[in-house]
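In what follows, a structure is listed as structure tokens, so that the remarks can point back to it.
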Amino acid sequence: MATATTEIPSSPKHASGRPTQKAAKKAPAWLAALPLLVFLALAFGIPAIAVLVSAFSVKDPATGTSHLGLDNMTDSLQGAYRTALWSSVKLSAVVAVVGGVLGTILAQAVVASRSTMLREAVLTASGVLANFGGVPLAFAWIATLGNAGLLTTTLGLGDAGWSLYTFWGLVIVYLYFAIPLMVLVMTPALDGLRPQWQEAAASSGATGWQYWRHVGVPVLTPALIGGMVLLFGGAFAAYATAAAMVGATVPLVTLQIADALSGNVLVGHENLALALSLDMVIVAALVMAVYLPLRKRSSRWLD
Amino acid sequence: MLATRIRLAVLAATVTVAGATLTACGSAPDNAAADGGSGGAKSAKTATSVADVGGLDQLVKAAKKEGTLNTITLPPDWANYGAIIKAFETKYGIKVKNENPDGSSADEISAVKSRKGQGRAPDVLDLGQSFAISGAQEGLFAPYQVSTWAKIPAGQKHPDGAWFNDYGGYVSIGCDAAKITVCPQTFADLLKPEYKGKVALNGNPTKSGSAYAGVFAAALANGGSLDDISPGVKFFGKLKKVGNYNPVESTPATIEKGETPISIDWDYLNVAYADKYAGKGIQWKVAVPADGVLAQYYSQAINKAAPHPAAARLWQEFLFSPEGQNMWLKGYARPVTLPAMTADGSADAGAVAKLPKVKGTPTFPTEAQATQAKKVLSSTWATTMAG
């Protein structure tokens, strides 16, 4: 109370009373975010530090003592681990690009149709399918298109050289949840494209292609890339589906981490697993870095 | 003062008992000092044999007082564990809390480390042998020698009893005779063109113990040895190249669905599948391949910081009694004391007759050989099988 009364006389010294008032308002706003910040520090900060420390500590199997070193990190970037990391990046990139393009086209078709029923049906289905993952997803595909799958046996796909258990098989399965996710991301962005822009372009003599080339896609680019980053992350971190479906035939970094961290065979590879997770964090951070500068542009046009 | 006196008594008891070991003496004082519980529990905590607690009756009494046993990663459909747990519960009136039934040895060790001193830490562990050896090196286990200690063959137990093998089996080839005209009997058979896309492992050999043993057995069948697992990796590479390898991890569900009509797995699991699916359109036949005879055993260990030390020791006594050993046998696993039990006639002859026939003698990799094999496996498996 005392401070409040002293502040009031001092405020007329400034051009107006607003700046101090604003500052006074800002502090509680920041305080309100404190629980979130504490949660972030606990839920992400501590594990991140643990990963960092363990990834750089090397354990001597004979004496059981640890020291700081780069051995785990260099191991994690060599041989089978490098193959797995590269394969994971490739798979995620293909899923992000293919899923991103197909999802956007599907979302545009739904938005352009102007049918509320179709729109709601597609969005609800997308919401369900985007969350369909893990072992149930793998098993659904195995039962349908695996070696003894329903379609494989009835259509004789096996003799035609079809195999679900390959890189491209995994891409198809991942697209099953990636495309719906992209539809969910892109539909609001496509809604943000004002019909007036298209009309303005048309009355200036632009073709449909020109409209998309010069207006539509540039405005959508941030949302498009944001969605693709999301798909990349989803595919990059996916584990259970691949573990149940392809084993080692498509080497993936998440599978390698699981082998090293939790298994009945390899002993004492925990820190290597954490080094591999650190590699994943770095890759994810690099991909995010592409997206962040674009976020500002998206808010200029679409809100 | 009282604590010191009890500590001395415990120390004296430990020292006088035959078979007491250096490790036991070393661990006795700090266990006794750390815990101020009742006298019975304390002696159970450091007991290295049933005699230390004054005989089986005393052990049962102390265990009943604890009332609970924490176990971890015991799948009920694996080697008859479901029935074994139930039998233990009914016999002694002790509740078994089995955590994470489908977990792995690595999960068990991390539970021991992360829950040290907590009441929900696992009391007993069923580990892959390499985890038993490394855990003993780290001093995580309480040494204990069950009453039937002498029946466990040398080489299947830690000299102090920090771990001791419990049950095991042979690498075998399971096959659905309803779908496959002629079931493969050897590793060489698996390369035949008729098995295109049909041959699966129970998981990834860098993670699953049975798949790892499968690769080792394939090595023995293809000119490799216990010192050299790489022919096994090459064999699976070849299997992949000719199109016979099926990367789907075989589980009861994939077998039922027909997605893994041929599965390399422990013989006790494969034979149990045969029972499970009899009359469901699946004729699961099991063969132990004569060209790659490899057996492996899992190990028991007691958590040094077990919250229920008496129940933990009673569980081991139960498992290694003829009753417990015969229950594993009924689950088609070969209990570690089977040779001794066959000799003294305490083995269930009917269950022995149901075990798959094995030609040739089993071989076991030593710890050094296993370490070398894992190194080769973790660096070559993924690259060989990729593509």
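Each chain gets a letter, A, B and so on, in the order the sequences are listed, and its residues count up from 1. This one's a predicted model, so the numbers in the text were calculated from it and none came from an experiment.
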Worksheet item: Do you know which of S110(B), S130(B), G243(B), G258(B) has the most heavy-atom pairs under 4.5 Å to chain A?
Response: S130(B)

Practice prompt. Measure distances from P205(B) to the heavy atoms of chain A and classify the residue's part below 4.5 Å as side chain, backbone, both or neither.
Written response: backbone

Practice prompt. Return the option, out of D107(B), T73(B), T206(B), with the maximum number of heavy-atom pairs under 4.5 Å with chain A.
Written response: T206(B)

Discussion item. Does any backbone or side-chain atom of Y245(B) lie under 4.5 Å from a heavy atom of chain A? Answer side chain, backbone, both or neither.
Written reply: side chain

Item to complete: Write down the atom of A106(B), the atom of S262(A), and the distance for their closest heavy-atom approach.
Response: CB-CA, 3.7 Å

Item to complete: Would you indicate whether the side-chain heavy atoms of K374(B) and L266(A) approach each other to under 4.5 Å?
Response: yes

Worksheet item: Is it the side chain or the backbone of Q78(A) that comes within 4.5 Å of chain B heavy atoms, both, or neither?
Response: neither

Worksheet item: Is the CZ atom of F364(B) crowded by more than 12 outside heavy atoms at less than 6.0 Å?
Response: yes

Discussion item. Counting only non-hydrogen atoms closer than 4.5 Å, does A211(B) touch chain A with its backbone (N, CA, C, O), its side chain (CB onward), both, or neither?
Written reply: neither

Worksheet entry | Backbone of S208(B) reached by a side-chain donor or acceptor of N264(A) within 3.5 Å | no

Worksheet item: Regarding T383(B) and T83(A), is there a side-chain donor-to-acceptor distance under 3.5 Å anywhere?
Response: no

Item to complete: Answer yes or no: is there a donor N or O on one side and an acceptor on the other, between the side chain of E249(B) and the main chain of M245(A), under 3.5 Å?
Response: no

Discussion item. Taking NZ in K257(B) as the centre, count heavy atoms belonging to other residues, nucleotides or ligands within less than 6.0 Å. Is the count above 12?
Written reply: yes

Worksheet entry | For A258(A) against K207(B), the heavy-atom pair lying closest together | O-CE, 3.9 Å

Worksheet item: When rounded to the nearest 0.5 angstrom, what distance separates OG1 in T249(A) from NZ in K240(B)?
Response: 6.0 Å

Fill in: Between OG on residue S379(B) and OH on residue Y81(A), distance to nearest 0.5 Å
8.5 Å

Worksheet entry | Least distance between heavy atoms, A80(A) atom then S378(B) atom | CB-O, 3.9 Å

Worksheet item: Rounded to the nearest 0.5 Å, how far apart are CG of D259(A) and CG of N204(B)?
Response: 4.5 Å

Worksheet item: Counting only heavy atoms not in F132(A), do more than 12 fall under 6.0 Å of its CZ?
Response: yes

Discussion item. Heavy-atom count check: over 12 atoms from other residues, nucleotides or ligands less than 6.0 Å from K238(B) NZ?
Written reply: no

Worksheet item: Which region of E138(B), side chain (C-beta onward) or backbone (N, CA, C, O), has a non-hydrogen atom less than 4.5 Å from a non-hydrogen atom of chain A, or is it both or neither?
Response: side chain

Item to complete: Can you see which heavy atom on P247(B) is nearest to which on Y165(A), and at what distance?
Response: CG-CB, 3.2 Å

Discussion item. What part of L164(A) gets within 4.5 angstrom of chain B, counting heavy atoms only: side chain, backbone, both, or neither?
Written reply: neither

Worksheet item: Do the non-hydrogen side-chain atoms of N246(B) and N147(A) ever get within less than 4.5 Å of each other?
Response: yes

Worksheet entry | Contact origin within T254(B) toward chain A - heavy atom pairs under 4.5 Å | both

Worksheet item: So what's closer than 4.5 Å to chain B heavy atoms on A143(A): side chain, backbone, both or neither?
Response: both

